[in-house]
Amino acid sequence: MSGLFALMTFLALGSAGAKPHAGLKTWGRFSKLPYPGDTAFLYATFPRDFIWAVGTAAYQVEGAFEKDGKGHSIWDTFTRGGNRKTTGDVGSDSYHNINADIRAIRQLGVSHYRFSLSWSRIFPNGTRGSYNEIGTNYYRWLIKRLKEIRVQPVVTLYHWDLPQHLQQSLGGWSNPELVEIFKDYADFCFNEFGDDVKYWITIDNPFVVAQHGYGTGVVAPGIKNDPDLPFRVGHNLIK
């Protein structure tokens, strides 16, 4: 659908300098594609166990950034710095719209759904002592609903949204202490959700976390001007 929308947008934008109905020639070419060859290209070449999936990240979609005991993350802080005007405070409000999301996922006909856990929704200050059961129940319910429609959850433990408390008190991923703290968080998630989650992703794109979070500063936590720091951060992420 997005490809069709992009094509329609291109045709609409390009029509300003074209003759009326010139776009019909383009659609005419599509109608002459070999059949059923095009259908075979779209469907028949994929094996039965091919994984069709959609994916999101917690900060992008959940919203409810201060709801039900959730702590702030480095993205909550980062998007409030400088002249930035866009935040994930609401996102697509997925936190309040699980049932609508499930309907959309089912309509897409995918076999897997990749989403990330908000570390600060489960442990508001980043450690087990701050455990938030309401936040954890949100993910329990999401996973339960996915299983009901026979969609496999693919869970990312960390998609760039470190609890702000760990950044402020320890320096985030620049501090080797974070390795054991992350391990404890991961162990909790494996024990809590592991019976229903077969596929796990530990850290999404660690290069971006290290280079652009602690090098160029273009993503949270927005640190820059220390050329050695991304390498130290990368070392801790690899651990």
Side-chain angles (χ1 to χ4, degrees), residues 56-82 84 86-91 93-95 115-140 142 155-193 200-206 208-226 229-239:
T56 60
Y59 185 73
Q60 295 172 334
V61 301
E62 284 183 6
F65 84 111
E66 289 183 319
K67 185 76 177 287
D68 294 336
K70 178 187 175 297
H72 285 187
S73 76
I74 55 175
W75 273 95
D76 293 316
T77 302
F78 181 73
T79 54
R80 283 166 170 73
R84 298 181 186 89
T86 303
T87 73
D89 293 3
V90 177
D93 205 21
S94 188
Y95 185 82
F115 64 93
S116 71
L117 305 174
S118 171
W119 187 344
S120 57
R121 196 178 293 283
I122 296 173
F123 295 164
N125 74 5
T127 61
R128 194 182 289 249
S130 63
Y131 171 61
N132 178 25
E133 185 171 7
I134 298 177
T136 306
N137 285 340
Y138 165 72
Y139 297 112
R140 287 197 192 104
L142 173 58
V155 178
T156 305
L157 290 169
Y158 181 74
H159 201 130
W160 309 0
D161 51 348
L162 187 74
Q164 175 62 27
H165 178 76
L166 296 179
Q167 183 64 42
Q168 190 170 338
S169 62
L170 296 175
W173 286 106
S174 66
N175 193 324
E177 291 183 32
L178 207 65
V179 176
E180 287 301 314
I181 295 173
F182 177 77
K183 179 180 180 297
D184 187 55
Y185 160 66
D187 285 343
F188 173 86
C189 295
F190 293 149
N191 289 326
E192 191 67 33
F193 310 118
W200 294 88
I201 297 169
T202 50
I203 296 173
D204 181 272
N205 207 328
V208 172
V209 176
Q211 178 63 22
H212 297 302
Y214 294 83
T216 65
V218 298
V219 302
I223 297 172
K224 54 186 176 181
N225 299 326
D226 182 348
L229 187 57
F231 295 97
R232 298 200 299 272
V233 168
H235 182 68
N236 293 330
L237 290 169
I238 289 171
K239 287 183 179 180

task: Show your working on side chain to side chain contact (heavy atoms under 4.5 Å, CB included) between Ile181 and Thr127 and close with a plain yes or no.
output: CA-CA 7 Å; Ile181 295 173; Thr127 61; 4.3 Å; yes

query: Is it the case that Thr79 and Tyr59 place a side-chain donor and acceptor less than 3.5 Å from each other?
result: yes

field: Presence of salt bridge, Glu62 and Lys70, under 4.0 angstrom
entry: no

message: Within the structure provided, determine whether Gln168 and Thr77 are in side-chain contact (heavy-atom separation under 4.5 Å).
response: no

message: Please report the interatomic distance OG1(Thr216) to CD1(Ile223), rounded to the nearest 0.5 Å.
response: 11.5 Å

- prompt: Testing Phe182, Phe231, Trp160 for ring-ring contact (aromatic ring centres under 6.0 Å, His included) with Trp173, which one passes?
  reply: Phe182

- prompt: With distance as the sole test, does Ser120 use its side chain to make a donor-acceptor pair with the main-chain N or O of Gly71 at under 3.5 Å?
  reply: yes

field: Test item: Tyr138 and Ser94 side chains (from C-beta on) under 4.5 Å apart, heavy atoms
entry: yes

message: Could you check whether atom CD of Gln211 has more than 12 heavy atoms from other residues, nucleotides or ligands sitting under 6.0 Å from it?
response: yes

- request: Measure the acute angle between the ring planes of Phe193 and Phe188, then classify it against the limits of 30° and 60° as parallel, tilted or perpendicular.
  value: perpendicular

- line: For Gly69 and Pro124, the nearest pair of non-hydrogen atoms, with its separation, is O-CG, 3.2 Å

task: Mind running side chain to side chain contact (heavy atoms under 4.5 Å, CB included) on Val219 and Val208 for me, showing each step along the way?
output: CA-CA 8 Å; Val219 302; Val208 172; 4.3 Å; yes

query: His72 pairs by side chain to side chain donor-acceptor pair (under 3.5 Å) with which of Gln164, Glu66, Gln167?
result: Glu66

Gap between atom CG of Asp68 and atom CD1 of Ile134 - 0.5 Å precision: 4.5 Å

message: Please determine whether side chain to side chain donor-acceptor pair (under 3.5 Å) holds for the pair Asp161 and Ser73, giving the CA-CA distance in whole Å, both sets of side-chain angles, and the decisive distance to 0.1 Å.
response: CA-CA 5 Å; Asp161 51 348; Ser73 76; 5.2 Å; no

statement: Rounded to the nearest 0.5 Å, the CZ atom of Phe123 sits from the OH atom of Tyr185 at a distance of 8.5 Å

Where Phe78 and Val218 come nearest, the two heavy atoms and their spacing: CZ-O, 3.5 Å

- request: Looking only at non-hydrogen atoms, find the nearest pair between Cys189 and Ile122 and report the distance.
  value: SG-CD1, 4.2 Å

message: I'd like to check Leu157 versus Leu117 (side-chain heavy atoms, cut-off strictly below 4.5 Å). Are they in contact?
response: yes

message: Tell me if a side-chain donor or acceptor on Thr156 pairs with a main-chain N or O of Asp204 at a distance below 3.5 Å.
response: no

message: Would Glu192 and Tyr139 count as a side chain to side chain contact (heavy atoms under 4.5 Å, CB included) here? Give the steps.
response: CA-CA 10 Å; Glu192 191 67 33; Tyr139 297 112; over 6 Å; no

- prompt: Of all heavy-atom pairs between Ser174 and Leu229, which one has the smallest distance, and what is that distance?
  reply: CB-CD1, 3.5 Å

task: Carefully, step by step, assess Trp119 and Leu166 under the rule side chain to side chain contact (heavy atoms under 4.5 Å, CB included).
output: CA-CA 11 Å; Trp119 187 344; Leu166 296 179; 3.7 Å; yes

- prompt: Salt bridge check: are Arg80 and Asp89 linked by an N-O gap of less than 4.0 Å?
  reply: yes

message: In the structure I gave you, are the side-chain heavy atoms of Val155 and Phe115 within less than 4.5 Å of one another anywhere?
response: yes

message: With heavy-atom distances below 4.5 Å as the criterion, would you say the side chains of Pro221 and Tyr214 are in contact?
response: yes

